[in-house]
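All remarks here apply to the structure that follows.
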Amino acid sequence: MLSLAVENNNLSICLNNKQIYTIATGQELLTVGTGESKYKMSHGSFKIKNKIEAKKALTVKNITLSKNTAVITLNEGGCLVEIIDSDKLFFSFKGLENFNRMEFNIPALKDEYVYGGGEIFSEFNLRHNKVNIWVAEHINALQIAKKLIKQVFGVKNTQKKQKFSKYETYYAQPTFLSSRKYFFHSTATAQSQFDFTNDNFHKITVNEIASFYIGFGETFEDTVSNLSSVVGKQPNLPDWVYDGYILGIQGGTDVMMKKVALAQKNNIQINGVWIQDWEGRRVTAAGKQLYWNWQWDRELYPNLDEKINELNKIGIKVLGYVDPFLAVEKPLYKEASEKGYCVKSKDGDDYYVTITTFPAAMIDLTNNDACVWIKNIIKKNMIDFGFSGWMADFGEYLPTDCVLFSGENPEIVHNTWPAKWAKINREAIEEAGKLGEIMFFTRAGFSDTPKYSTMMWNGDNHVDFSIDFGLPSVIPAMLSLTCCGYGLSHSDIGGYTSFFNLKRNEELYMRWCEMNAFSPVMRSHEGLNPDLNIQFDANETVLKHSAKMSQIHKMLKPYIKSAVEYNSQNGVGVIRPLFFYYDEDRAYKECFEYMLGRDILVAPVIKEGETCKEVYLPNDEWIHLWSKKEYTGGTYKVSAKIGEIPVFIRKQAQNLIEIQERILKLL
């Protein structure tokens, strides 16, 4: 319970009757200024230079209190501090319209941990780092080229990270969660930065004047739930999602049906097929990519409408693909261009963005008519056609030098683009009356994404064990999303990005498959270059492994479904950090183990060739899933052979014993 009090013209902010912060007359509250930024975009990756032209310190002149709101008069403008729902502070500003930069500090402790910033792949605890809040392509061509060259010369250090300052992310969010059980969330949409390098304070820099929230909780669950009341919650997933393995397949109707038959013959619990090339496939120097024309390619997928009905009757759903681009060679682009529905360049032409090796136009999501147009295409060509879900890809590529229909500054709109795209997909489903039956999953995100998207996936990970781009990286990515209030995420089984000597081997596929069996959604991707990569049907060993993991995932249905429902009600993610429940130093640092719900601890194998893994178990009573051996808190070396990923069940969770017995019968 928060409360405010003013005495001697000083404001005391109290939590549960304990003073946590004071704002005093004469104190410097924040710094404002004016500045400009220069952006250089290449393939969705950005180089940004900020220039500050003027700065001014704002000090407190007077403070008055009106109910649950403190009115702070500054030497220019003012600040309102309001208590919302008894557990959140909302800071807003007035009279600062002449400024477009702000900077302030939040008190910190030397031993404090911080998490969030969106979806961060290379780190989990962000302390001692500077986090750039700007939506971008996570993986760029230069990073890939360097890796390929090193591998040609035999350099393959999967445990070495790039500098944190070099990383970008598909999903940025001006939010962080503190180990002191509070969250910070800015309403800014412009670029911002969190500087966590100082022992005594966190420095927040924002390229606009924006309000912000600071919220509290008795527990971490309470704190994240409080955050979700600001950013939104995801609905329950369709029931069919839990019934096995969604196989990523491409190449046409015949290929799809043959692979479905093969999966069934080998006892793979297949609940869906995801055909990303339903609208056509283009082969480029980068790999097998897609024609972004959101109409059924009847030549590649003859009789697809009939096959969707056939598969639905046997409990197999069919999923597609869509993004906010348009292929300039195809008819939908011609229609959109004629109607003025595309983002423009400054000379008035449609703005073409280069995607790998080809150009594409962008639907202008600030144009309501354009939004209605693409929404109706999704409803007619995908929902009415029979798709039960799709990948709603991209959202990161809005250039800052474009012209928008709304007349808004692209620098302010850029970060919001993925949430606008998610909103269109969500509205299409809702208007069709299919929410709860259809799932779409997004790659990019920002502050409004949690309330519009139904599922995240972790993007185009490398098909290897590299700690910052491969299999290991998706674990801190999912955990950081949970800390930002987004509770449903998963990754492509086997990864996506593959070139030349960067290709998926059998071990990587199987390790990724077993990890995703213990996640909300089990779905594979053939990858950018499918012919380079091991797939689910590579050989008998891989087929048996796929079948076993799909069966385990289906057995976990009641447990995972319950965790998803808990997220929809309380905003507490399905993939959770260990420190949510265990106040131990190692728990705050652990980024490659996770809690699946409250009662299952998963420690994926993240190193190639590892068959015995050191596992940290927090102070509790644990039962090893495969051996039934009991453990208490500590660090142990446990068997980690392929097919028996280290998984532990809390002994207190008696409801999982029956599921454990069923799983052991598979061995």
How about Thr442 and Trp421: does a side-chain donor come under 3.5 Å of a side-chain acceptor?
no

Report yes or no: do Tyr39 and Asn50 form a side-chain donor-acceptor pair below 3.5 Å?
no

Side-chain heavy-atom pair Ser489, Pro520 within 4.5 angstrom cut-off
no

Would you call Arg576 and Glu221 a salt bridge, using N to O less than 4.0 angstrom?
yes

Which atom pair, heavy atoms only, marks the closest approach of Trp417 to Leu365?
CH2-N, 3.2 Å

Any donor-acceptor N or O pair under 3.5 Å, side chains Thr189, Thr416:
no

Are Trp292 and Asp323 close enough that a side-chain donor and a side-chain acceptor fall under 3.5 Å?
yes

Could you list all the salt bridge (charged side-chain N to carboxylate O under 4.0 Å, His left out) pairs where at least one residue sits in residues 160-172, not counting sequence neighbours?
Glu123-Lys161

Under 3.5 Å, which donor-acceptor pairs do the side chains of residues 391-404 form with other protein atoms, sequence neighbours left out?
unit_1: Asp393; atom_1: OD2; unit_2: Tyr321; atom_2: OH; d: 2.7
unit_1: Glu396; atom_1: OE1; unit_2: Arg443; atom_2: NH2; d: 3.3
unit_1: Glu396; atom_1: OE2; unit_2: Arg443; atom_2: NE; d: 2.8
unit_1: Glu396; atom_1: OE2; unit_2: Arg443; atom_2: NH2; d: 3.1
unit_1: Tyr397; atom_1: OH; unit_2: His43; atom_2: O; d: 3.1
unit_1: Tyr397; atom_1: OH; unit_2: Glu137; atom_2: OE1; d: 2.6
unit_1: Asp401; atom_1: OD1; unit_2: Tyr351; atom_2: OH; d: 2.7
unit_1: Asp401; atom_1: OD2; unit_2: Tyr351; atom_2: OH; d: 3.3

How about His414 and Gln191: does a side-chain donor come under 3.5 Å of a side-chain acceptor?
no

Shortest non-hydrogen contact from Ile133 to Gln173?
CD1-O, 3.6 Å

Side chain to side chain contact (heavy atoms under 4.5 Å, CB included) with Ala188: which residues, sequence neighbours excluded?
Ser186, Val206, Glu208, Ala210

Looking only at side chains, do Thr366 and Glu408 share a donor and an acceptor under 3.5 Å apart?
no

Does the ring centre of Phe176 sit less than 6.0 Å away from the ring centre of Phe196?
yes

Pairs where residues 465-480 contributes a residue and the test side chain to side chain donor-acceptor pair (under 3.5 Å) is met, not counting sequence neighbours
Lys147-Ser466, Tyr167-Asp468, Asp464-Ser466

So, Thr219 and Asp222: side-chain donor and acceptor under 3.5 Å apart, yes or no?
yes

Do Glu112 and Ser178 have side-chain atoms, one donor and one acceptor, less than 3.5 Å apart?
yes

Salt bridge check: are Asp492 and Arg523 linked by an N-O gap of less than 4.0 Å?
yes

Please check if any side-chain donor atom of Asn226 sits under 3.5 Å from a side-chain acceptor atom of Lys88, or the reverse.
yes

Please enumerate all residues that pass ring-ring contact (aromatic ring centres under 6.0 Å, His included) together with Tyr616, with sequence neighbours excluded.
none

Would a distance-only check, ignoring hydrogens and angles, find a side-chain to backbone donor-acceptor pair under 3.5 Å from Asn207 to Asn100?
no

In Å and rounded to the nearest 0.5 Å, what is the OG1 to NZ distance from Thr34 to Lys51?
10.5 Å

Got a donor-acceptor contact below 3.5 angstrom from the Arg282 side chain to the Leu290 backbone?
yes

Do Thr454 and Gln234 have side-chain atoms, one donor and one acceptor, less than 3.5 Å apart?
no

With sequence neighbours left out, the residues meeting ring-ring contact (aromatic ring centres under 6.0 Å, His included) with Phe90 are Tyr213

Let's go through Tyr115 and Phe579 carefully: what are the C-alpha distance in whole Å and the side-chain angles of both, what is the deciding distance for ring-ring contact (aromatic ring centres under 6.0 Å, His included) to 0.1 Å, and is it a yes or a no?
CA-CA 11 Å; Tyr115 313 89; Phe579 71 78; 4.5 Å; yes

Check: Arg127 side chain, Asn198 main-chain N or O, donor-acceptor pair, under 3.5 Å
yes

